[in-house]
J.: 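Dropping a structure here in structure tokens format, bear with me for questions.
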Amino acid sequence: ALMCYFVPRSLPKTTVVGMDLGTTHSGVGVFQIGDGGVHVVPNANGNQVIPSWVAFTSEGIVVGDAARDQDLQNPENTIFDMKRFIGRPWDASVEEEAKMYGFKLVNNHSL
């Protein structure tokens, strides 16, 4: 998992927000000094971890369960498992893996 943390300017300096950006699921936790520990932030459905999926639809951008649930109707605009490709060189193995997804991966060396 890709772990990171930051101290948002809009929160007290005693607050730290941490994110676990996983390949399949992600989560967010908040730590406040003197509060007794980390509180995991649930999504609107009360889940503490959400699927690491993003979909671009005619209604806008959806994430998590909603993105995963509409994948069959919108596979070319539903992104998931992208962490598997971060930092990898574009080679035959990436090209082969890309065929397993409904969305399109593009080899763009100019970025």
Side-chain angles (χ1 to χ4, degrees):
L2 175 63
M3 302 281 289
C4 62
Y5 70 92
F6 61 97
V7 179
R9 291 184 180 147
S10 61
L11 295 175
K13 292 186 188 251
T14 58
T15 302
V16 177
V17 177
M19 295 182 288
D20 176 1
L21 303 174
T23 302
T24 58
H25 288 84
S26 297
V28 176
V30 176
F31 173 77
Q32 291 183 305
I33 294 174
D35 197 21
V38 174
H39 301 280
V40 178
V41 179
N43 67 6
N45 297 327
N47 300 322
Q48 293 185 337
V49 294
I50 63 168
S52 298
W53 290 55
V54 177
F56 301 90
T57 71
S58 58
E59 289 83 37
I61 300 171
V62 294
V63 299
D65 295 303
R68 184 190 59 207
D69 292 347
Q70 60 78 62
D71 178 48
L72 292 177
Q73 294 80 32
N74 185 27
E76 64 279 352
N77 294 311
T78 304
I79 312 301
F80 60 97
D81 281 350
M82 286 311 300
K83 237 180 82 178
R84 299 182 191 284
F85 299 105
I86 294 173
R88 288 177 59 185
W90 189 273
D91 60 15
S93 68
V94 170
E95 286 184 30
E96 193 61 32
E97 285 183 53
K99 295 175 185 176
M100 297 187 300
Y101 295 94
F103 56 86
K104 183 177 180 181
L105 290 175
V106 177
N107 181 9
N108 188 341
H109 291 290
S110 65
L111 295 177

J.: Please determine whether residues V54 and L72 belong to a single hydrophobic cluster, defined as Ile, Leu, Val, Met, Phe, Trp and Tyr linked transitively by side-chain heavy-atom distances below 4.5 Å.
T.: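 Different clusters.
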
J.: Using every non-hydrogen atom in the two residues, find where V94 and P89 come nearest and quote the distance to one decimal.
T.: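 Closest heavy-atom pair between V94 and P89: CG2-O, 3.4 Å.
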
J.: Less than 4.0 angstrom from a charged side-chain N to a carboxylate O is my criterion; do D71 and R68 meet it?
T.: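 No salt bridge links D71 with R68.
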
J.: Got a sec, which residues hit side chain to side chain donor-acceptor pair (under 3.5 Å) with E97, two or more places apart in sequence or on another chain?
T.: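 Partners of E97 by the side chain to side chain donor-acceptor pair (under 3.5 Å) criterion, ordered by chain and then number, come out as R88.
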
J.: Can you name the nearest heavy-atom pair linking V62 to A67, along with the distance?
T.: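 That would be O-CB, 3.5 Å.
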
J.: Can you check whether N47's main-chain N or O pairs, donor with acceptor, with N45's side chain at less than 3.5 Å?
T.: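 A pair under 3.5 Å: no.
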
J.: S52 side chain to G22 main-chain N or O, any donor-acceptor pair under 3.5 Å?
T.: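 A pair under 3.5 Å: yes.
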
J.: On the 0 to 90° scale, with breaks at 30° and 60°, tag the W53-F80 ring pair as parallel, tilted or perpendicular.
T.: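 Judged by the thresholds at 30° and 60°, the geometry between W53 and F80 is parallel.
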
J.: Could you go through the side chain to side chain contact (heavy atoms under 4.5 Å, CB included) check for V63 and N43 one step at a time?
T.: CA-CA 11 Å; V63 299; N43 67 6; over 6 Å; no

J.: Take D20 and H25 through the side chain to side chain contact (heavy atoms under 4.5 Å, CB included) test and state the conclusion after the steps.
T.: CA-CA 8 Å; D20 176 1; H25 288 84; over 6 Å; no

J.: Please determine whether side chain to side chain contact (heavy atoms under 4.5 Å, CB included) holds for the pair F56 and I79, giving the CA-CA distance in whole Å, both sets of side-chain angles, and the decisive distance to 0.1 Å.
T.: CA-CA 9 Å; F56 301 90; I79 312 301; 4.1 Å; yes

J.: Can you get from V28 to V40 by hopping between Ile, Leu, Val, Met, Phe, Trp and Tyr side chains that sit under 4.5 Å apart?
T.: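 In one cluster with V28: V40, no.
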
J.: Rounded at 0.5 Å granularity, tell me how far OG1 in T23 sits from CZ in F85.
T.: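 These two atoms lie 10.5 Å from each other.
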
J.: Q73: which residues meet the side chain to side chain donor-acceptor pair (under 3.5 Å) condition with it, sequence neighbours left out?
T.: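 Here no residue qualifies.
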
J.: Are W90 and M82 connected into the same hydrophobic cluster when the rule is that any two of I, L, V, M, F, W, Y join if their side-chain heavy atoms are below 4.5 Å apart?
T.: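 Yes, because M82 and W90 connect within a single hydrophobic cluster, where side-chain heavy atoms sit under 4.5 Å apart.
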
